[in-house]
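What follows is one structure encoded as C-alpha cells, with my remarks underneath.
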Protein chains: 2
Amino acid sequence: MKDITLKEIATKLGISITTVSKALKNYPDVSAKTKKAVIDLAQTLHYTPNSFAVNLRTKESKTIGLIIPEVVHHFFSNVVNAIIDEAEKNGYLVIILQSNESLELEKKQVELLINKRVDGIIMSLSNESNNDDHIKEIIRRNIPFVMFDKINKLTTCSKVIINDQKAAFNAVQHLIDTGCKRIVHIRGPLNPQNSIDRYIGYKKALEKNHIPFDAKLVYTCEKVAFEEGFAFARQIITEHPDVDGIFAITDLVAVGVLTYFNDNDIKIPEQVAIIGFSNWFMSQVLTPKLSSVEQPSHEMGVQSFALLLEEMICHKEGLHYTPRTVELQTCNIIRESTVKP
Amino acid sequence: MKDITLKEIATKLGISITTVSKALKNYPDVSAKTKKAVIDLAQTLHYTPNSFAVNLRTKESKTIGLIIPEVVHHFFSNVVNAIIDEAEKNGYLVIILQSNESLELEKKQVELLINKRVDGIIMSLSNESNNDDHIKEIIRRNIPFVMFDKINKLTTCSKVIINDQKAAFNAVQHLIDTGCKRIVHIRGPLNPQNSIDRYIGYKKALEKNHIPFDAKLVYTCEKVAFEEGFAFARQIITEHPDVDGIFAITDLVAVGVLTYFNDNDIKIPEQVAIIGFSNWFMSQVLTPKLSSVEQPSHEMGVQSFALLLEEMICHKEGLHYTPRTVELQTCNIIRESTVKP
DNA sequence: CTGAAAGCGCTTACAG
DNA sequence: CTGAAAGCGCTTACAG
C-alpha cells in the first residue's frame, strides 16, 4: 500500500501542493470551497501527513524518551502509567527503555534517544549510575531533561523527588514509637542517592532516640530483590535473635522477610515488627498486612512530565529555562506488621 | 545548541557531502585517508545523523507501537518488559500506549501510531474492542501487526495466545480433583474472547465431571478488579453458603476473594478452595499461598516481537507474509489455597 | 486567494 | 576514488 501524499491530492484536484497543505492546516487564506474539496478528498483517501517529513521540517518529533531501571516494578510501572497518560494528553508519545540497573545499558539507551532526537528525556538512574558522561552529554546538547526518584544531586536539571531522609526517619521513628529497641535496616546498594539517604534517615532516628547505632544491624542488598529479603531474614534471626524491628529499603524486600518469618513461625509484629517503603499494592493483602511508606508514584510521573513540558516549550521558543526541583510528600501507612496488639 | 550536519563536516574538510556520508557508512569506495579524517571529525563534533532525515529517506523509523490495556498489571508489565528488550536487541524502539480498557482511547491511539508511521504494531485489545474499524484500518494499510492474549479471532493477523479454554478446564478439573462440588466462576466481562473461553472451559470441566451447571454460580466482573473479588466473596458466601470452590478470571480478583475470606475467618481451602489465573508475583507470598494458572507472559512478549519482526522484514522487502498463530503452554501451579490438608 | 520555490538533512544512482 | 544532482514529503516566506 502506497501512502497518500499532498502531491497526489494536489494533482487530483488540479491545484498546488502549497494550497493543499494550507487547506489541511486550516490557514485563513484559502477559499472555503477549495478547503472543503481538499479536506473531503483527504478523508476519502485516508490521507495522513508523513510524520517523517513533518519532523524534518519542524525539527520536533513530539516524542519523549523515558529510561527507568525496570517496568515490572510496582513503583516504576505507576510512574510510567502517569507519564504515558500525561504525555498523550499533551500530544506527545513516549519511548520507554529499561536499564535493568546496568550503567552500560543505560549509556547505550541515552545514545539511542539522542540519535532518535526525542524532544525530551525523563530518567530514573540505575543503581550503578552517577553524574556520568552520558548524563553530561544530555545536558551538553541542551536536551530538555528531568530526573525523578533515583537522581544525581550534582546534575543541573529539573528533578522530582521525595525527602528520602525524612521519610526513612519517620518510618524508623514509628518502629521506635511502637517499642522497638534493636532495629535492623536492610538497605539498598551503596551507590544510589536514595539508598544513601534512607540509610542516613535510619541513623538519624536512632540518634535522636539515643539508641546506639550498630553497623552489624545494617544489611545491604545488591539487587533489592525478594530473595534477598528472604535470605537476610534467616541471617538476622540467627545472628541477632534480639532484633525486634526491621526497616527495609522497599516493600519487595520487606515481603521477603515477612515470608521467611511466616514460614518459620516468627511472629510479626510480636517478635519482630516490619516496615517497608513505597507501599506496593500487595502489602495491603499480606498476612499480616505490611506497614509501609507511601511514595506518591503517580504524582511523580505527573510532575515529571509537567516539568519536562515546561522545559520543552522554553527550548522550542529559544528561551532560557531554569531547572526546578519538586519535592513530594510521603507518609507512613500503618498496618498490622508494626502494630503490637 | 545547533546540531552538526553532514554539510558542516564536508565544508570543514573541503570535501563533498556525498563523500562524508559514504565515509561514515563505511562504503568501500572511499579512500582510507578520507574515511579516517571524516570519522575523526565526526567524533570530535559529536555528530549523530539526523534521524528525521534518515526516516524520510529510508521510509522506516525503526520504531514500533505497543498498545495494552494498562501497564500497572503483573501480566502486561511482564510482556512489555520482554517486548522492549527484544526490540532493543534488534534495533527497534517501542512507543507504549494504554487503552485503559476504553475502545475510544484505543481507536485514537491506533490513529496516533498510524500517523507516526511506526514500522509495526503489537496490541492486546481492551475489553470493549472487537474487529472494529481501527483494527481493520491497520490491516488495510498493510502495517505489520501482531495481537497477543486479548485477541479477536476474526482479524487476519499474527497472534500469540494461550489455549484459554483448556487452561480454564484444567484449573476447574483441579478443583474437582481436590473434592470441590459446588464451584463458582468469577468471570471477566462478556465481550473479550479470553474471558469467554475461560468461561467455556469452566462449563466443560463441570460437564465432563457430571456436575450440573448452575448459572447462579457465575459472577461477572466489569473491571476485573481487586475490589470486585472482595465484594463478590461476601455475596457468594451469603447467597451460596454451600460453595466449596472458586475459579477466578485472574489472580487480582482471586486475591480480593482471599482477602475477604481471611478478614472474615472463612477457611481457605477447608471451606472454600480458590484458584486464580496468570500466577501474579504476590500469589506466592499470600496466606494461604494462592494456586493459579501459569501464563508465560515473558515468552508471549518475546514471541510477539519475533512474529512482528518477521513480518516487518517481509514488508520491507515487498514479500508476501502469511500471518501465523503461536499458542503457548500453560500449567496449574498448585499451592495452599487448593490443597486440603 | 493561489502557487513557485527554497529548504529541512540525508541517501544513492550515476557520471567522471 | 570523488562529487553533482535528484528526491524523500512536508512547511512557509514571498510574489503575484
Problem set entry | For Lys36(B), all residues meeting side-chain hydrogen bond (donor to acceptor under 3.5 Å, both in side chains), sequence neighbours excluded | Asp40(B)

Problem set entry | Under-4.0 Å side-chain N/O to phosphate OP1/OP2 contact, Ser16(B) with dG3(D) | yes

Exercise. Under 4.0 Å between a side-chain N/O of Thr34(A) and OP1 or OP2 of dC1(C), yes or no?
Worked result: no

For this session: Output all residues satisfying side chain to side chain contact (heavy atoms under 4.5 Å, CB included) with Thr155(A), sequence neighbours left out; order by chain, then residue number.
Result: Asn131(A), Ile135(A), Ile139(A), Phe145(A), Met147(A), Asn152(A), Cys157(A)

Exercise. Who pairs with Asp132(A) by side chain to side chain contact (heavy atoms under 4.5 Å, CB included), at least two apart in sequence or on another chain?
Worked result: Leu103(A), Lys107(A), Ser129(A), Asn130(A), His134(A)

Exercise. Starting at the 5' end of DNA chain D, what dot-bracket string do you get if Watson-Crick and G-U pairs under 3.5 Å are bracketed, crossing pairs use [ ], other-strand pairs use | and unpaired bases use dots?
Worked result: |||.||||||||.|||

Seminar exercise, completed: Partner of Gln109(A) under side-chain contact (heavy atoms from CB on, under 4.5 Å), picked from Leu66(A), Ile67(A), Ile121(A), Ile95(A), is Ile67(A)

Seminar exercise, completed: When Val146(B), Thr325(B), Asp149(B) are each screened for side-chain contact (heavy atoms from CB on, under 4.5 Å) with Lys159(B), the one that passes is Thr325(B)

Exercise. Could you write nucleotides 9-16 of chain D as a row of B, S and -, 5' to 3', where a protein heavy atom under 4.0 Å of any base atom gives B, of only sugar-phosphate atoms gives S, and otherwise -?
Worked result: BBBBBB--

For this session: May I have all residue pairs that pass ring pair (Phe, Tyr, Trp, His ring centres under 6.0 Å) and include part of residues 37-73 of chain A, sequence neighbours excluded?
Result: His73(A)-Phe76(A), His73(A)-Trp280(A)

Exercise. If you measure from the Lys or Arg side-chain nitrogens to the Asp or Glu carboxylate oxygens, is any gap between Glu310(B) and Arg324(B) under 4.0 Å?
Worked result: yes

For this session: Might you confirm whether atom CD of Glu327(B) has over 12 heavy atoms from other residues, nucleotides or ligands at distances under 6.0 Å?
Result: yes

